[in-house]
A.B. asks: 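The structure under discussion is supplied below as structure tokens; questions concerning it will follow.
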Amino acid sequence: MDGRGSDEAGLDLSGVGGLIGRPLDRAFFDRPSCEVAPDLLGRVIAHGPVAVRLTEVEAYGGPGQDPASHTYRGRTPRNSVMFGEPGHVYVYFTYGMHFCANLVCLPEDVGSAVLMRAGEVIAGVDVARSRRLTGGNGSSAGRTARTVPDRDLARGPARLAVSLGLVREHNGLDCCSAGGRIRVFEGAPVDPSLVRTGPRTGVAAGAETPWRFWIDGDSTVSPYRPHVRRQRTRV
DNA sequence: TGTTTGATGCGCT
DNA sequence: GCGCATCAAACAA
């Protein structure tokens, strides 16, 4: 790729181009995840024809040894992306059927990231909906045959990943390079008085750490769920 | 090598 | 509101 002209090779955001501002550079992510997370609210992540305005995020990892983070027990093949360069995408598979997408923070060798929990699809709504209906990313998250309301398209981390079409193969992609398939844009500023913080959803360890950030009153924010230990299925 | 749990979402009651 | 589906990583023995 020659860069020029292919910058938006996979991105077709002509419809919202004026509303999402310029792409964020790597310096934006070169901070602790708990600092980047609230700053990501109102930002826009785009992959192909789909763009999502983030309304809910959670911070994980960092120097404080976060027991809820995948990086808590050190570097592994699975989480190595989180220890890599900031501004990359960390996609992981969980519960046997869901993908979740994170944005890596801090310099290399420090494992931390921000989980994108929910957002509003502002471009490529039709594409996002068809992915949800067909299970577009290979997971079964889209198996429903019913129509998905707009506000539910990216309401929840796995749904957000499906709408954006993010799967394992996107793990480690750079979203701060000009030729990248995934980019994050500055979006529109969010009224700071509307930003709320609280305990992270579904987290067992470190549940008391208020590293969940969301835009108060936004209908696309996912409902809070405390961690529930799964019952072992025995016959 | 075997077992357990998980940063979840859907369908049914 | 509740229970289930399903796979990979991590841990214990």
Side-chain angles (χ1 to χ4, degrees), chain A residues 33-34 36-38 40 45 54-62 64-83 89-105 111-119 121 128-129 131-149 151-172 197-214 220-235:
Chain A
S33 55
C34 57
V36 174
L40 272 173
I45 180 167
L54 297 175
T55 59
E56 182 187 359
V57 296
E58 285 177 2
Y60 284 91
Q65 282 296 300
D66 176 10
S69 172
H70 286 176
T71 60
Y72 183 57
R73 292 181 179 85
R75 189 175 194 144
T76 66
R78 181 203 197 190
N79 65 25
S80 61
V81 170
M82 281 182 77
F83 289 88
V89 183
Y90 169 50
V91 181
Y92 69 92
F93 189 65
T94 189
Y95 285 96
M97 62 195 90
H98 297 302
F99 289 99
C100 296
N102 302 247
L103 294 170
V104 177
C105 300
S112 80
V114 175
L115 169 70
M116 297 180 285
R117 284 199 56 85
V121 179
R129 177 171 287 113
R131 280 174 178 157
R132 288 291 309 280
L133 292 175
T134 60
N137 69 358
S139 83
S140 54
R143 66 190 155 194
T144 176
R146 290 199 295 245
T147 304
V148 182
R151 66 163 223 178
D152 281 352
L153 283 174
R155 194 186 195 205
R159 293 166 170 182
L160 188 147
V162 171
S163 290
L164 281 172
L166 296 178
V167 294
R168 200 192 318 271
E169 70 174 81
H170 299 105
N171 186 36
T197 71
R200 289 169 294 186
T201 300
V203 170
E208 69 286 351
T209 308
W211 277 4
R212 175 174 176 247
F213 304 88
W214 71 95
T220 61
V221 173
S222 62
Y224 175 75
R225 274 207 277 179
H227 176 260
V228 182
R229 192 174 170 204
R230 176 178 153 282
Q231 284 279 342
R232 174 122 186 248
T233 48
R234 287 198 76 92
V235 275

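Quick note on labels: first sequence line is chain A, next is B, and so on, each numbered from 1.
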A.B. asks: Under the side chain to side chain donor-acceptor pair (under 3.5 Å) rule, collect the residues that match up with Thr71(A), sequence neighbours excluded.
C.D. replies: Ser69(A)
A.B. asks: With a 4.5 Å limit on heavy-atom distance, are the side chains of Leu103(A) and Val89(A) in contact?
C.D. replies: yes
A.B. asks: Looking at dA7(B), I'd like to know if its phosphate oxygens (OP1 or OP2) sit under 4.0 Å from a side-chain N or O belonging to Arg212(A).
C.D. replies: no
A.B. asks: For Leu103(A) and dA7(B), give me the distance from atom CG to atom P, rounded to whole Å.
C.D. replies: 18 Å
A.B. asks: What pairs of nitrogen or oxygen atoms, one from the protein and one from nucleotides 8-10 of chain C, lie under 3.5 Å apart?
C.D. replies:
{"from": "dA10(C)", "atom 1": "OP1", "to": "Thr76(A)", "atom 2": "OG1", "distance (Å)": "2.6"}

A.B. asks: Is it true that Asp152(A) and Arg129(A) make a salt bridge, defined as a side-chain N closer than 4.0 Å to a carboxylate O?
C.D. replies: no
A.B. asks: Arg155(A) CZ to dA7(B) P: how many Å, rounded?
C.D. replies: 21 Å
A.B. asks: Without swapping roles, check the side chain of Asn171(A) against the backbone of Arg168(A) for a donor-acceptor pair under 3.5 Å.
C.D. replies: no
A.B. asks: Using whole Å, report how far NE2 of His98(A) lies from P of dG9(B).
C.D. replies: 6 Å
A.B. asks: Report the residues that fulfil salt bridge (Lys or Arg N to Asp or Glu O under 4.0 Å) with Arg75(A), sequence neighbours left out, ordered by chain and then residue number.
C.D. replies: Asp109(A)
A.B. asks: Angle class for the Phe99(A)/Phe93(A) ring planes (parallel below 30°, perpendicular above 60°, tilted otherwise)?
C.D. replies: tilted
A.B. asks: By nearest heavy atom, map Ser222(A) and Thr94(A) onto DNA chain B; which one lands nearer the 5' end?
C.D. replies: Thr94(A)
A.B. asks: Using salt bridge (Lys or Arg N to Asp or Glu O under 4.0 Å) as the criterion, list what pairs up with Glu56(A), not counting sequence neighbours.
C.D. replies: Arg117(A), Arg212(A)
A.B. asks: OP1, OP2 of dC10(B) versus side-chain N and O of Arg132(A): anything below 4.0 Å?
C.D. replies: yes
A.B. asks: The side chain of His227(A) lies closest to which of these nucleotides: dG6(B), dA5(C), dT8(B)?
C.D. replies: dG6(B)
A.B. asks: Could you give the OH-to-C1' distance, from Tyr90(A) to dA7(B), as a whole number of Å?
C.D. replies: 9 Å
A.B. asks: Could you write out DNA chain B as a dot-bracket string, with dots for unpaired bases, | for bases paired across to another strand, and Watson-Crick or G-U pairs counted at under 3.5 Å?
C.D. replies: ||||||.|||||.
A.B. asks: Reckon Arg225(A) touches a base, only the sugar-phosphate, or nothing at all at heavy-atom distances under 4.0 Å?
C.D. replies: base
A.B. asks: Can you check the Phe99(A) CZ to dG9(B) C1' distance for me, whole Å?
C.D. replies: 15 Å
A.B. asks: Within the modelled atom types, does a donor on one side and an acceptor on the other bring the side chain of Tyr95(A) and the base of dA7(B) under 3.5 Å apart?
C.D. replies: no
A.B. asks: Under the rule for side chain to side chain donor-acceptor pair (under 3.5 Å), what residues qualify as partners of Ser80(A), not counting sequence neighbours?
C.D. replies: none
A.B. asks: Distance check needed: dA7(B) P versus Tyr72(A) OH, whole Å only.
C.D. replies: 14 Å
A.B. asks: Does the ring of Tyr90(A) carry Arg78(A) above it, NZ/CZ under 6.0 angstrom from centre and within 45° of its axis?
C.D. replies: no
